[in-house]
Amino acid sequence: YKGYYKDGHQDGYWEEYYSNGILMYKGYYKDGKQDGYWEWYHFNGNLSFKGYFKDGEYQGYWEWYYSNGNLRYKGYYKDGHQDGYWEEYY
């Protein structure tokens, strides 16, 4: 992984890689909690899911993808819980 610590907590931009060198995730921490925009990737390098955190909880619009790159789910979170309209694709 690559990232910064502040006062013993993860802080700022972080990224981690699979053993094959492909990016696993990238995103931001604030005071040790995920905060801001994040992306995770499948082992093959395709996007797995993306969205926003606030104080370590899911917040706002999120999307999940199958390993082939096709959209799987999309929907909204509020304070870490599903909230509002969601769609699932097969």
Inset, instruction - Give a yes or no on this: more than 12 heavy atoms of other residues, nucleotides or ligands lie within 6.0 Å of atom CG of Asn70. - result: yes

Inset, instruction - Flag the pair Asn46 / Ser67 as yes when at least one side-chain heavy-atom distance between them is below 4.5 Å, and no otherwise. - result: no

Legend entry - Test item: Asp35 side-chain N/O and Lys30 main-chain N/O as donor-acceptor pair under 3.5 Å: no

Legend entry - CZ on Arg72 to CD on Glu88, rounded to 0.5 Å: 7.0 Å

Legend entry - From Glu57 atom CD to Lys33 atom NZ, the distance as rounded to the nearest 0.5 Å: 8.0 Å

Legend entry - Check: Gln59 side chain, Asp79 main-chain N or O, donor-acceptor pair, under 3.5 Å: yes

Inset, instruction - Report yes if some heavy atom in the side chain of Lys2 is under 4.5 Å from a heavy atom in the side chain of Tyr17; otherwise report no. - result: yes

Legend entry - Which residues share a ring-ring contact (aromatic ring centres under 6.0 Å, His included) with Tyr4, sequence neighbours left out: none

Inset, instruction - Please write out which residues are connected to Trp86 in a hydrophobic cluster, directly or through intermediates, given that two of Ile, Leu, Val, Met, Phe, Trp, Tyr count as joined at side-chain heavy-atom separations below 4.5 angstrom. - result: Tyr1, Tyr5, Trp14, Tyr18, Ile22, Met24, Tyr25, Tyr29, Trp38, Trp40, Phe43, Phe49, Phe53, Tyr58, Trp62, Trp64, Tyr73, Tyr77

Legend entry - Close side-chain approach of Lys50 and Tyr65, heavy atoms under 4.5 Å: yes

Legend entry - Nearest heavy atoms of Asp31 and His9, plus distance in Å: C-CB, 3.8 Å

Legend entry - Atom pair CG (Leu23) and NE2 (His42), whose distance is rounded to the nearest 0.5 Å: 13.0 Å

Legend entry - Salt bridge present between Glu63 and Lys74 (N-O < 4.0 angstrom): no

